[in-house]
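Since the structure comes first, as structure tokens, the remarks are kept for the end.
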Amino acid sequence: MTDPPAIPDTPRSGPLEDLRVIDMSTVLAGPNCARYLADFGADVIKVERPGGDSLRNMAWRDPRDGAGLWWKVVNRNKRAIVLDLKDDVDRDVLLRLVDDADVLVENSRPGTMERLGLGPDELLARRPTLVMTRISGFGQTGPYAGRAGFASIAEAMSGFASLNGESDGAPLLPPIALTDEVTGLAAAFATMVALHSAAATEVGQVVDANLLETMFHMMGPLASLYALTGEQQPRLGSGLPYTVPRGTYRCADGRWVAISTSSDSVAARVMELLGVGDDERFTSFDGRTRHRDELERLMTEWCSTRLRDDVIAVFDDANAAIGPVMDMADIATDPHYVHRGAVELVDDTPMQSVIARLSATPGALRWAGRGLDADGEEIRSNGW
């Protein structure tokens, strides 16, 4: 694999440009946390073990240079160095970086960093204001803390998989790295909270983020519901127990739309389109829920007799919520995505832009994930 282009000489800019982050994590959730910081200007040094992060070889590759596409996206805007933490010289390089770092992100199994002599006690003694963000499968404590933790397991154990699928089918896992993506965001948020605290108190701390509890938080009031009533949300395919109709519907041309009626005002407009606006059974959330099968049948039949573009036009005219089911080919040419600049070319590789737009201090994509040890010599010689 050829090395990506040289890092731009232009000064680093962004709201986090004075932030120094060591990213010792692997694969997805931890690197995603550091990526969000890097996208808004943080100086992130990606530390890899000898041989490199396994994400370099996961899934799809760029046909032009053989580099992993996951790697290019998740480790963009980071400098790269390989360090063997069992080697005294390399260990010293890391510790010198820690001495001037603001954040260290790691996702080793709990206890690993302590066994290496790089646990919170040692690192915070060297750098008292350091925020050490630790991302694991199940958290740093508890009976499951030492288990191998992957997103699929968290999706199964958080209640998420039990809700996904058809009522008479198997529980389903998501077909994307959902938990890793969401946990990266949650960890980045928690890291910024800890940094805010450190700025005020000059005291660093450990951020304990994990895959399981991040997904559990996405269950909303379901834990409260069960504790108070014993009720559990059933699997309903694309449906929700409290919003009817809601789901994906096939149109006459074989294309699909997604429809939601999650407010009474929108639901009333959809009922008018279906010709049942005066039917008292469908004038409230409770009524629509009680007559789920009938409403879903009406919605399915209504869509099935119309072309997708016509269905969308009618809904838009009624100011009702609808969207086409889109794949990556649709997204690549969609005018809204294009207008928003949702996809950027970074080192000639298209990828998602920054996750949020700041009007005064925007983030920026400067380079894609770097080659193995691409910046190692410079970092060993000059540190930050």
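To the nearest 0.5 Å, atoms CG (Asp208) and CE (Met132) are separated by 11.0 Å. Of the inter-residue distances, the one linking Thr361 atom OG1 with Glu17 atom CD reads 9.5 Å to the nearest 0.5 angstrom. Put simply, CG on Leu55 and CG on Asn57 are 9.0 Å apart, with the number rounded to the nearest 0.5 Å. Atom CG of Leu225 sits about 4.5 Å away from atom CD of Glu231, to the nearest 0.5 Å. Note that CG of Leu172 is 6.5 Å distant from CG of Asn164, once rounded to the nearest 0.5 Å.
Side-chain contact of Glu296 with Tyr249: a donor-acceptor pair under 3.5 Å is present, judged by distance alone. Using a 3.5 Å distance cut-off with no hydrogens or angles, the side chains of Glu155 and Thr179 do pair a donor with an acceptor. When only modelled atom types and interatomic distance are considered, Thr243 and Thr261 share no side-chain donor-acceptor pair under 3.5 Å. There is a side-chain donor-acceptor pair under 3.5 Å between Ser25 and Asp23. Arg297 and Thr300 share no side-chain donor-acceptor pair at under 3.5 Å.
Applying the 6.0 Å contact sphere to CD of Gln140 captures more than 12 heavy atoms from other residues, nucleotides or ligands. Within 6.0 Å of the CG atom in Asp278, the count of heavy atoms belonging to other residues, nucleotides or ligands does not exceed 12.
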Original post:
Does the pair Glu344 and Ser353 meet the rule for a side-chain hydrogen bond (donor to acceptor under 3.5 Å, both in side chains), with working shown?
Top reply: CA-CA 6 Å; Glu344 290 190 37; Ser353 184; 2.5 Å; yes

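Smallest separation of non-hydrogen atoms from Gly159 and Met219: C-SD, 3.8 Å. Taking all atoms of both residues into account, the shortest heavy-atom contact from Ala252 to Leu307 is CB-N, 4.2 Å. The shortest heavy-atom contact between Ala29 and Leu211 is CB-CD2, 3.9 Å.
Between the side chain of Asp373 and the backbone N or O of Val82 there is at least one donor-acceptor pair closer than 3.5 Å.
The pair Asp53-Lys46 meets the salt-bridge criterion, with a side-chain N (NZ, NE, NH1 or NH2) lying under 4.0 Å from an Asp/Glu carboxylate O. Here Arg76 pairs with Asp39 in a salt bridge; the nearest charged N to carboxylate O distance falls below 4.0 Å. Between Asp43 and Arg79 there is a salt bridge, since at least one side-chain N of the basic residue sits less than 4.0 Å from a carboxylate O of the acidic one. Look at Arg35 and Glu181 and you find a salt bridge, because one of the NZ, NE, NH1 or NH2 atoms lies within 4.0 Å of a carboxylate O, short of that distance.
Only one option out of Arg115, Arg109, Glu114 pairs with Thr112 in a side chain to side chain donor-acceptor pair (under 3.5 Å); it is Arg115. Each of Leu37, Val103, Val131 was evaluated against Met192; a single residue qualifies, Leu37, per the side-chain contact (heavy atoms from CB on, under 4.5 Å) test.
For the pair Arg288 and Phe285, the cation-pi test (distance below 6.0 Å, angle within 45°) is passed.
Residue pairs meeting the salt bridge (Lys or Arg N to Asp or Glu O under 4.0 Å) criterion with at least one partner in residues 84-94, sequence neighbours excluded, are Asp92-Arg96.
By the rule that hydrophobic residues join a cluster once side-chain heavy atoms approach within less than 4.5 Å of another member, Leu130 and Leu195 end up as members of separate clusters.
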